[in-house]
Amino acid sequence: MTPGRLVVVATPIGNLGDLSPRAAATLAAADVVACEDTRHSRKLFTAMGLRTPTLIAVHKDNEVARSREILELLADGKTVAVVTDAGTPAVSDPGRHVVEAAAAAGVTVESIPGPSAVTTALAASGFTGDRFVFEGFLPRTGTDRRARLDAIARETRTVVLYEAPTRVAKTLNDLTEVCGMERAVVVGRELTKLHEEYFRGTLAAAALRFAEKPRGEFVLVLEGAVAATTEITDDEIVAALDEALAAGATARGAADEVSQLLGAPRNRVYKLAVRR
């Protein structure tokens, strides 16, 4: 029996016109389509006038288990396409485990390129795309979130993040705290959709603009930090902290001020401030 093949297919992030002819033909010819949400994908097939094949739900909560089922379909010679609700599978969306399992089993894996919120926002940002970092969604709370924020503050490459409308205000405020008020950012909202918007300005201005329960899905493109020409010593940080503390700042306030002034990681500065 001829082995099947797994095809990863990028689907529109908003505008249905972004589905490529090759992607449409692949989806129409597939024996089975693994979807993040079968209801959403069924609407896509109907809107595009495509034959609707067998659809199975493969999302973040069942992907590992469903991978075994998909391997059986591939072993039977089926062509299985993988899609998510929007954009490119496995990029902050389900799909990676299915691809990993298929590749490990020696199955042919193809990828049909197309819409991606990462590259859409990066291309429109005006920041360098020669070297960039995709951070996806940040952890919601805790030390993991703080560590990621501190790493972003030091990152000299352009940084791209995803964020939900309910958390974008907090994320912009947290980025302002660790990166400084003047760091440049481009905020993309509802990309390729009817109410698409790009906000360009500083982190402080962006935090103010999106403070009041914004709607839509967000992509944040943050300009990279200016690379330090010399390593900042603890003595230099302590000297700056002493000035801020002498002026009446709290340890936290002094850490924020000195971190922004010297471009040093806030965690490092705050630890030294507490010791003082």
Among the clusters formed by ILVMFWY side chains lying less than 4.5 Å apart, do I13 and V118 turn up in the same one? yes
Quick one: hydrophobic cluster around I152, which other residues, with the 4.5 Å side-chain cut-off, linked directly or via members? L138, L149, V159, L161, V168, L172, L175, V178, V185, V187, F199, L203, F210, F218, L220, L222
Is the closest side-chain heavy-atom distance between R209 and E197 below 4.5 Å? yes
What do the steps show when you test R146 against E177 for salt bridge (Lys or Arg N to Asp or Glu O under 4.0 Å), and what is the final call? CA-CA 11 Å; R146 174 55 64 180; E177 179 183 332; 3.5 Å; yes
May I ask you to test the V83-L27 pair for a side-chain heavy-atom distance under 4.5 Å? yes
Smallest heavy-atom separation, L245 atom then A254 atom, equals CD2-CB, 3.9 Å
Closest non-hydrogen contact found for L71 with A102 is CD2-CA, 3.8 Å
Once rounded to the nearest 0.5 Å, what's the spacing between atom NE2 of H40 and atom CG of L55? 12.5 Å
Inspect the surroundings of CZ in R167 and state if more than 12 heavy atoms from other residues, nucleotides or ligands are less than 6.0 Å away. yes
Tell me, do L6 and V82 make a side-chain contact under 4.5 Å, heavy atoms counted? yes
Stepwise side-chain contact (heavy atoms from CB on, under 4.5 Å) test for V80 and V33: CA-CA 6 Å; V80 179; V33 177; over 6 Å; no
Would you say P165 and K213 make side-chain contact, with heavy atoms under 4.5 Å? no
Counting neighbours of CZ on R131 that are heavy atoms of other residues, nucleotides or ligands and sit closer than 6.0 Å, is the number greater than 12? no
Check whether any side-chain N or O of E63 sits under 3.5 Å from a backbone N or O of H59 as a donor-acceptor pair, and report yes or no. no
Please determine whether a side-chain nitrogen of the Lys or Arg among R266 and D150 lies less than 4.0 Å from a carboxylate oxygen of the Asp or Glu. no
Would V219 end up clustered with F134 when hydrophobic side chains under 4.5 Å apart are linked, directly or stepwise? yes
When rounded to the nearest 0.5 angstrom, what distance separates CG in L262 from OG1 in T233? 9.5 Å
Give a yes or no on whether V99 and V32 share a hydrophobic cluster (residues Ile, Leu, Val, Met, Phe, Trp, Tyr; joining criterion: side-chain heavy atoms under 4.5 Å apart). yes
Considering only heavy atoms from C-beta outward, does the side chain of L241 approach that of E243 to under 4.5 Å? no
Rounded distance (nearest 0.5 Å) linking atom OG1 of T156 with atom CD of E223: 11.5 Å
Say you draw a straight line from CG of L50 to OG of S41; how long is it, rounded to the nearest 0.5 Å? 11.5 Å
Between F132 and F127, is the gap from one ring center to the other below 6.0 Å? no
Does V221 share a hydrophobic cluster with Y198, counting links as ILVMFWY side-chain heavy atoms below 4.5 Å and allowing steps through other members? yes
With side chains defined as the heavy atoms from C-beta onward, is the minimum distance between E36 and P94 less than 4.5 Å? yes
Of all the heavy-atom pairs spanning A86 and D93, show the shortest one and how long it is. O-OD2, 3.3 Å
Could you walk me through whether Y270 and S259 pass side-chain contact (heavy atoms from CB on, under 4.5 Å), step by step? CA-CA 8 Å; Y270 183 66; S259 176; over 6 Å; no
Between A23 and L19, the two heavy atoms sitting closest are CB-CD1, 3.7 Å
Mark yes or no for whether N173, through its side chain, and A169, through its backbone, hold a donor-acceptor pair below 3.5 Å. yes
When you measure from the side chain of N62 to the backbone N and O of A57, does any donor-acceptor pair fall under 3.5 Å? yes
Carboxylate-amine/guanidinium contact E110 R5, below 4.0 Å: yes
Should R68 and E72 be marked as a salt bridge (Lys or Arg N to Asp or Glu O under 4.0 Å) after you check the CA-CA gap, both sets of side-chain angles, and the distance that decides it? CA-CA 7 Å; R68 293 189 288 272; E72 292 176 1; over 6 Å; no
Heavy atoms of other groups near K271 NZ, more than 12 under 6.0 Å: no
I need the K43 NZ to T52 OG1 distance, nearest 0.5 Å. 13.5 Å
Under a 4.0 Å threshold between the charged nitrogen and the carboxylate oxygen, would R39 count as salt-bridged to D37? yes
In the single-linkage hydrophobic clustering (I, L, V, M, F, W, Y; side-chain heavy atoms under 4.5 Å), do L261 and I232 co-cluster? yes
side-chain hydrogen bond (donor to acceptor under 3.5 Å, both in side chains) for E163 and T171? Distances and angles first, verdict last. CA-CA 8 Å; E163 196 50 277; T171 292; 2.7 Å; yes
Tell me, do T79 and V7 make a side-chain contact under 4.5 Å, heavy atoms counted? yes
Set out, in order, the CA-CA distance, both residues' side-chain angles and the distance that settles side-chain contact (heavy atoms from CB on, under 4.5 Å) for K170 and R145, then state yes or no. CA-CA 12 Å; K170 173 176 173 52; R145 180 179 177 88; 3.9 Å; yes
When rounded to the nearest 0.5 Å, the distance separating CG of D242 from CD1 of I237 is 12.0 Å
Over all heavy atoms of both residues, which pair between T250 and G253 is shortest? Give the atoms and the distance, please. OG1-N, 3.0 Å
Side chain T192, main chain G14, donor-acceptor under 3.5 Å: yes
What pair of heavy atoms forms the shortest contact from R200 to S125, and how long is it? NH1-O, 3.2 Å
side-chain contact (heavy atoms from CB on, under 4.5 Å) assessment of R66 paired with V98: CA-CA 8 Å; R66 276 293 171 95; V98 174; 6.0 Å; no
So, is the end of the R42 side chain (NZ or CZ) under 6.0 Å from the ring centre of F45 and within 45° of the ring's axis? no
Can you tell me if T158 uses its side chain to pair, donor with acceptor, with the backbone of L122 under 3.5 Å? no
Heavy-atom check, side chain of H195 versus side chain of R189, under 4.5 Å: yes
Salt bridge (Lys or Arg N to Asp or Glu O under 4.0 Å) filter on R148, not counting sequence neighbours, yields E135
Quick one: list whatever passes salt bridge (Lys or Arg N to Asp or Glu O under 4.0 Å) with E155, sequence neighbours left out. R157
